[in-house]
Colleague: 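First, the structure itself, so that you have it in front of you.
Not measured: the values here are computed from a predicted model.
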Amino acid sequence: MKQLVLIPLLVIASPAWADKPEVVGVVATQNGDTWRFDVTITHGDTGWDDYADGWQVLDADGQVLGTRPLAHPHVNEQPFTRSQSGIAIPDGITTVFIQVSDNVVGYYDDPMPFALPD
């Protein structure tokens, strides 16, 4: 005689991950030998499980010139702007790249080019 055996299916709910953070604005101001970057980011922060956790300025070779960590979610503040001063840009560089990060993926591989003002 054949028996039908039912095995319970365990369903585990996982959090819905937000899309990748996006840079929606950059202002760069030179102050002597260094620069200040004001970077505006939008991201569907859901709380501590998924939030934009930083941005960095790169040269064309991918060398990190400056980093701005973000220490907490910005669920109710979208888009949001955070600044970093004291970023040294070597002479001759006219374009930098802004790379964003979230606490799920880390830094994304498609940094946004940004032409430095004259």
Colleague: What are the two closest non-hydrogen atoms of P111 and Q99, and how far apart are they?
Modeller: CB-CB, 3.9 Å
Colleague: Evaluate side chain to side chain contact (heavy atoms under 4.5 Å, CB included) for V57 paired with I98, printing each intermediate quantity in order.
Modeller: CA-CA 5 Å; V57 179; I98 310 299; 3.8 Å; yes
Colleague: Say you draw a straight line from CD1 of I89 to CD1 of I87; how long is it, rounded to the nearest 0.5 Å?
Modeller: 6.5 Å
Colleague: If every non-hydrogen atom of I93 is compared with every non-hydrogen atom of T95, which pair is closest and at what distance?
Modeller: CG2-O, 3.3 Å
Colleague: Work out which heavy atom in T40 is nearest to a heavy atom in P79; give both atom names and the distance.
Modeller: CG2-CB, 3.8 Å
Colleague: Whether R82 and D38 form a salt bridge (side-chain N of Lys/Arg under 4.0 Å from carboxylate O of Asp/Glu) is what I want to check.
Modeller: no
Colleague: Can you tell me how far CD of Q30 sits from CG of L116, rounded to the nearest 0.5 angstrom?
Modeller: 8.5 Å
Colleague: Should the pair F114 and F37 be assigned to parallel (<30°), tilted (30 to 60°) or perpendicular (>60°) ring geometry?
Modeller: perpendicular
Colleague: Do side-chain atoms of D59 reach the backbone of Q63 as a donor and acceptor pair under 3.5 angstrom?
Modeller: yes
Colleague: Nearest 0.5 Å please: distance from the CD atom of Q84 over to the CH2 atom of W55.
Modeller: 6.0 Å
Colleague: Would you say that more than 12 heavy atoms from the other residues, nucleotides or ligands in this model lie under 6.0 Å from the CG of D110, or not?
Modeller: yes
Colleague: We want to know whether S83 and R36 form a side-chain donor-acceptor pair, criterion being a heavy-atom distance below 3.5 angstrom.
Modeller: yes
Colleague: Looking only at the side chains, is there a donor atom on one of Y107 and D102 sitting less than 3.5 Å from an acceptor on the other?
Modeller: no
Colleague: What's the shortest heavy-atom distance between Y51 and A71, and which atoms?
Modeller: OH-O, 3.9 Å
Colleague: First locate atom CG of N76, then atom CG of D45, and finally report the distance between them rounded to the nearest 0.5 Å.
Modeller: 9.5 Å
Colleague: Using the rule given for side chain to side chain contact (heavy atoms under 4.5 Å, CB included), can you reason through L70 versus F80, listing the C-alpha separation, both sets of side-chain angles and the distance that settles it, and then say yes or no?
Modeller: CA-CA 11 Å; L70 302 170; F80 63 95; 3.7 Å; yes
Colleague: Just how far is it from atom OG of S85 to atom CZ of R68, taken to the nearest 0.5 Å?
Modeller: 9.5 Å
Colleague: Please give me the minimum heavy-atom distance between L58 and G62, naming the atom from each residue.
Modeller: CD2-O, 3.8 Å
Colleague: Apply the test side chain to side chain contact (heavy atoms under 4.5 Å, CB included) to residues V39 and I41: give CA-CA distance (whole Å), side-chain angles for both, the deciding distance (0.1 Å), then the verdict.
Modeller: CA-CA 6 Å; V39 176; I41 295 173; 4.0 Å; yes
Colleague: Between OG1 of T42 and NE2 of H74, what distance do you get to the nearest 0.5 Å?
Modeller: 12.0 Å
Colleague: Looking only at heavy atoms, what is the nearest atom pair of P21 and V100, with distance?
Modeller: O-CG2, 3.3 Å
Colleague: Would a hydrophobic clustering, with Ile, Leu, Val, Met, Phe, Trp and Tyr connected at side-chain separations under 4.5 Å, put W35 with L65?
Modeller: yes
Colleague: Begin from the C-alpha positions of H72 and W48 and carry the test side chain to side chain contact (heavy atoms under 4.5 Å, CB included) through to its verdict.
Modeller: CA-CA 7 Å; H72 60 85; W48 292 102; 3.6 Å; yes
